[in-house]
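Note that the structure is a prediction, hence the values are computed from the model and not measured. Counting starts at 1 for both ligands and their atoms, following the listed order.
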Amino acid sequence: MDANKDIVNIGVVGVGGWGKNLARNYSQILKANLRYICDLDQATLEKLAPLVQPENITTDYQELLDDNKLDAIVIATNGPTHYSLCKQALEAGKDVYVEKPFVMASAEARELIQLADEKSQVLMVGHLLEYHPVIEHLKKMIEDGELGDIRYIYAQRLNLGTVRQDENALWNFAPHDISVILYLLGLKPSDISARGQAYLQPGVEDVMFLTMNFNDQAMGHVHVSWLDPHKTRKITIVGSKRMAVFDDLEPSEKLKIYDKGVELNMDYDTYAEYVGLRFGDITIPHIKVGEPLRAECEHFLSCIRNRATPRSDGEDGFRVVEVLEAADLSLSQNGNPVAIDGASS
Ligand SMILES: NC(=O)c1ccc[n+]([C@@H]2O[C@H](COP(=O)([O-])OP(=O)(O)OC[C@H]3O[C@@H](n4cnc5c(N)ncnc54)[C@H](O)[C@@H]3O)[C@@H](O)[C@H]2O)c1
């Protein structure tokens with residue numbers, strides 16, 4: 001796209017449950033023009049018809065690829081279709097945003113990253129939580145050392161909700177939590193182990209427990225489930241100085257910082273003196289929480305205009321897919337740890 005051009009022409013492909021939110025956002029942002037909506041399902045398209053010109057509502061993806069005025073394509077179809085749609089968009093010279101999971105195999109991710117590089121196209125993956133103001137706040141706290149050394153992070157994404165047939169709970173739910181844990185720690189895990197069960201449909205795990213080991217120092221744990229009595233969206237961070245709990249279902253006080261910890265006193269006579277428990281204050285930082293999806297859409301537009309690399313770029317997508325792939329392998333081996341290549345120390 002011409003860097004001097006102000007308004008970015010966007011086409012959204014897949015305007016179902018989630019894609020309609022993306023289409024709505026791009027139709028509302030002044031610096032964007034929602035030029036197309038595309039879906040295989042006519043009834044789904046009709047619900048969003050007021051958002052675009054009638055001639056730009058289509059079931060034919062090729063129309064988007066062939067339109068020279070279209071700058072970027074936003075892909076919000078089901079995960080297994082992402083690779084092919086993304087490849088076609090990049091080959092047609094479009095900047096691309098693709099929902100999580102980026103693709104279903106790390107080799108596909110690598111190929112798309114290379115293609116985007118060769119064609120100097122923006123490639124962004126929809127790791128929404130990386131644009132959440134609470135996560136941005138936590139990232140800064142960790143960088144400033146306010147939580148101390150991060151010992152472990154665990155995330156719970158549970159409910160009795162939509163049961164998918166084309167992806168298991170891990171590929172559907174866990175990309176958010178994996179991307180956040182990698183983002184907050186700034187590290188790649190050295191190995192992954194995963195256990196899960198398919199209680200509802202054969203071969204499609206609905207409950208998964210995933211553990212990421214970061215060089216035998218920090219640990220990351222993700223519990224995802226479609227079969228749980230409680231709707232839960234929580235991330236807990238345990239640092240050597242402080243602990244933090246992000247509860248995304250809280251309407252306003254989403255982040256609590258606990259000044260709690262264990263201090264070891266080397267100059268001791270009794271065990272009670274050696275292990276000192278610290279129970280300090282609980283603080284609730286004031287964080288203005290706008291719609292993270294709006295922030296994510298604005299970021300994509302800004303990267304398109306400035307030809308910049310998105311925070312959740314193809315490499316970020318690759319790292320998450322690599323973890324998911326290793327988790328699948330571990331799952332098939334009864335939870336044996338699976339090493340990840342090139343983990344940073
Ligand atoms: N970021 C988030 O918080 C979040 C939340 C929910 C879903 N998602 C992601 O969004 C994507 C879509 O999920 P959903 O819940 O909206 O699914 P959905 O099934 O409700 O919608 C998918 C839509 O894509 C359409 N579609 C499928 N293949 C197509 C093709 N080749 N061309 C055109 N249209 C096609 C379907 O007709 C359907 O309307 C998934 O990747 C999912 O993981 C992200």
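A ring-centre distance under 6.0 Å is found for F246 and H132.
Considering only heavy atoms from C-beta on, K47 stays 4.5 Å or farther from K20 through its side chain. With a 4.5 Å cut-off on side-chain heavy atoms, L182 and F214 count as touching.
Among protein heavy atoms, atom 37 (O) of ligand 1 sits closest to D39 OD1, 2.6 Å. Here the heavy atom of the protein found nearest to atom 18 (P) of ligand 1 is G17 N, 4.0 Å. At the top of the distance list for atom 13 (O) of ligand 1, counting protein heavy atoms only, stands R164 NH2, 3.3 Å. Looking from atom 16 (O) of ligand 1 to the surrounding protein, the closest heavy atom is W18 N, 2.7 Å. Annotation: atom 27 (C) of ligand 1 to nearest protein heavy atom, N78 OD1, 3.2 Å. Nearest to atom 12 (C) of ligand 1 among the protein's heavy atoms is A76 O, 3.2 Å. Shortest contact from atom 34 (N) of ligand 1 to any protein heavy atom: L40 N, 3.3 Å. Nearest non-hydrogen protein atom to atom 10 (O) of ligand 1 is E99 CG, 3.5 Å.
Contact atoms of ligand 1 toward L128: 3 (O) (distance under 4.0 Å to a heavy atom of the residue). Atom numbering of ligand 1 starts at 1 in the shown order; those under 4.0 Å from a heavy atom of G14 are 24 (O). Within ligand 1, counting atoms from 1 as listed, the ones closer than 4.0 Å to a heavy atom of N172 are 43 (O).
At a 4.0 Å heavy-atom cut-off, ligand 1 touches V13 through the side chain alone. Counting heavy atoms closer than 4.0 Å to ligand 1, residue K47 contributes nothing at all. Of the heavy atoms in T59, none comes closer than 4.0 Å to ligand 1. Within the 4.0 Å heavy-atom criterion, both parts of T77, backbone and side chain, lie near ligand 1. The parts of K100 lying near ligand 1 are both backbone and side chain, judged by heavy-atom distances below 4.0 Å.
The closest approach between a heavy atom of Q42 and any atom of ligand 1 is not below 4.0 Å. Contact analysis puts H82 in contact with ligand 1, with a non-hydrogen atom separation below 4.0 angstrom. Using a 4.0 angstrom heavy-atom cutoff, H176 counts as in contact with ligand 1.
Using a cutoff of 4.0 Å between basic side-chain nitrogens and carboxylate oxygens, K87 and E108 are not scored as salt-bridged. In summary, K100 and E130 do not engage in a salt bridge, as defined by a charged side-chain N under 4.0 Å from a carboxylate O. We find that R307 and D95 are joined by a salt bridge, their nearest charged nitrogen and carboxylate oxygen being less than 4.0 Å apart. Using a 4.0 Å cut-off between charged nitrogen and carboxylate oxygen, E136 and K140 do not count as a salt-bridge pair.
Residue K256 places its NZ atom among more than 12 non-hydrogen atoms of other residues, nucleotides or ligands, all under 6.0 Å distant.
To the nearest 0.5 Å, the span separating NE2 on H127 from CD on E99 amounts to 9.0 Å. Atom SG of C38 and atom CG of L64 lie 5.5 Å apart (nearest 0.5 Å). Considering CG of D247 and CD of Q156, their distance stands at 9.5 Å, rounded to 0.5 Å.
Cation-pi check for R233 over F173 is met; the charged atom lies under 6.0 angstrom from the ring centroid and within 45 degrees of its normal.
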